[in-house]
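To start, the structure itself, in structure tokens.
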Amino acid sequence: MIRGLDPVIHAPKRLAAMAVLANAPTASFRFLKEFLEVSDSDLSKHMSALEAAGYVSATKDGRGRGATTTYKLTRTGQTAYNAHRDALRALLDGPL
Amino acid sequence: MESDAQEQLRLIERAEAAPYVDYPKTPWWYPVVIGLWAAAMIGTFVWWRENAPLFTSVLVGLLLLEAAFITWMQRRHGAMPMPGRGRPPAEIGGIWRRYFAGLAVIAVAVGLVWWLVGVPAAAGTAFVLVTGGLVVYERAYAVAAAAKVKERLA
């Protein structure tokens, strides 16, 4: 792995989820699922990995069928996302 | 590795733009309701000196209504962007700058009417300018800018 690139975020679906969360205060499970075009279980797995890394936090409102889960980028997640983004740019820009 | 990086940056650009361009259609009544809310906020000041409890309770009620409305919008949208957070696509950034400039113009116009004519006229002016301004903004945002972003990133 290139220096600065984060192995947790490198997976495309996780990277896209982080990019969405970096541009909105919160994102709902449904929004992420529809944007990423993944199944419920697939999204749950990706978001759990990001939660385990401390990059996102989840909030659940309500119970049963009407329950909604929203995700938020943590400060650690924001820093990791910015570093990953910058590393990708640097990789393309090459040495000065 | 470079093509992988390019691919990831394209993915990032599409995902960063998503909260700004992937959203349910704004209901037709939205500009009118916000216009009425703005007029009510200004109109409340009729009671500013005459009836302090009435003034305060209506003002608090309107603020609670606004908070409830924003919560509903956020749930409906799923990932509602906020000014000052993230990186809006250039097309949207331009629209937002004009939106805030428009808000300042409306505030000055309403203040001027208030000063010259009075609170009821200022409330009416706020209704007309806010409703009209939002209709123009919605067209510029949803019909023009968001469509351009979607086309560019397709």
Side-chain angles (χ1 to χ4, degrees), chain A residues 1-7 9-38 43 46 56 59 61-62 66-73 75 77-78 80-95, chain B residues 1-26 66-97 99 141-142 145-146 148-154:
Chain A
M1 187 63 60
I2 303 282
R3 190 184 160 142
L5 291 184
D6 189 317
I9 311 176
H10 196 70
K13 299 294 183 195
R14 282 183 220 156
L15 178 63
M18 293 283 282
V20 169
L21 289 167
N23 281 267
T26 60
S28 68
F29 186 90
R30 195 178 69 179
F31 185 95
L32 290 171
K33 188 189 149 190
E34 283 170 9
F35 176 70
L36 300 174
E37 295 177 329
V38 290
L43 181 61
H46 284 305
V56 303
T59 308
D61 285 327
T68 54
T69 303
T70 51
Y71 295 97
K72 188 180 175 181
L73 208 58
R75 197 180 288 265
Q78 184 72 60
Y81 174 72
N82 288 342
H84 189 87
R85 200 179 189 279
D86 291 347
L88 287 170
R89 280 245 163 263
L91 190 66
L92 281 187
D93 293 344
Chain B
M1 183 49 81
E2 279 192 13
S3 66
D4 187 31
Q6 252 167 355
E7 191 52 47
Q8 286 226 338
L9 282 170
R10 268 197 296 271
L11 178 74
I12 281 176
E13 201 178 3
R14 278 199 299 273
E16 285 185 347
Y20 300 91
V21 298
D22 292 353
Y23 54 88
K25 196 175 181 306
T26 310
E66 176 70 358
F69 183 71
I70 290 172
T71 305
W72 176 76
M73 284 280 274
Q74 265 177 333
R75 282 197 183 151
R76 186 171 180 269
H77 190 301
M80 199 163 80
M82 290 283 173
R85 180 172 178 87
R87 305 169 177 86
E91 296 90 334
I92 303 291
I95 295 288
W96 276 12
R97 279 191 290 279
Y99 173 83
Y141 189 112
K148 260 189 218 168
V149 176
K150 280 182 188 170
E151 195 183 318
R152 176 167 61 82
L153 299 176

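Nothing here was measured: the structure is a model prediction, and the numbers come from that model. Because only heavy atoms are used, hydrogens play no part in the values below, and waters and symmetry mates are left out as well, while side chains stay in.
- Ring pair B:H77/A:F31 is parallel by interplanar angle, where below 30° counts as parallel and above 60° as perpendicular.
- Interface remark: A:Q78 contributes side-chain atoms only to the contact with chain B (heavy atom separation under 4.5 Å).
- Only the backbone of A:A22 comes within less than 4.5 Å of a heavy atom in chain B; its side chain stays farther off.
- For chain B, the option among A:Y81, A:Y71, A:F29 with the highest count of heavy-atom pairs below 4.5 Å is A:Y81.
- Contacts between B:L11 and chain A at a heavy-atom distance below 4.5 Å involve the side chain alone, from C-beta outward.
- Ranked by non-hydrogen atom pairs under 4.5 Å with chain B, the options A:T70, A:T26, A:L73 are led by A:T26.
- Put simply, the residue from A:M18, A:R89, A:H10 that forms a side chain to side chain contact (heavy atoms under 4.5 Å, CB included) with A:H84 is A:H10.
- Only the backbone of A:L21 has a heavy atom closer than 4.5 Å to any heavy atom of chain B.
- The main-chain N or O of A:L36 is found under 3.5 Å from a side-chain atom of A:K13 such that the two form a donor-acceptor pair.
- Taking a cutoff of 4.0 Å between a charged side-chain nitrogen and a carboxylate oxygen, B:R10 and B:E7 qualify as a salt bridge.
- In this structure, the portion of B:M80 lying under 4.5 Å from any heavy atom of chain A is its backbone and not its side chain.
- Without hydrogens or angle criteria, B:Y141 side chain to B:Y20 main chain gives a donor-acceptor distance under 3.5 Å.
- Closest non-hydrogen pair, B:R85 versus A:A24, comes out as NE-O, 3.0 Å.
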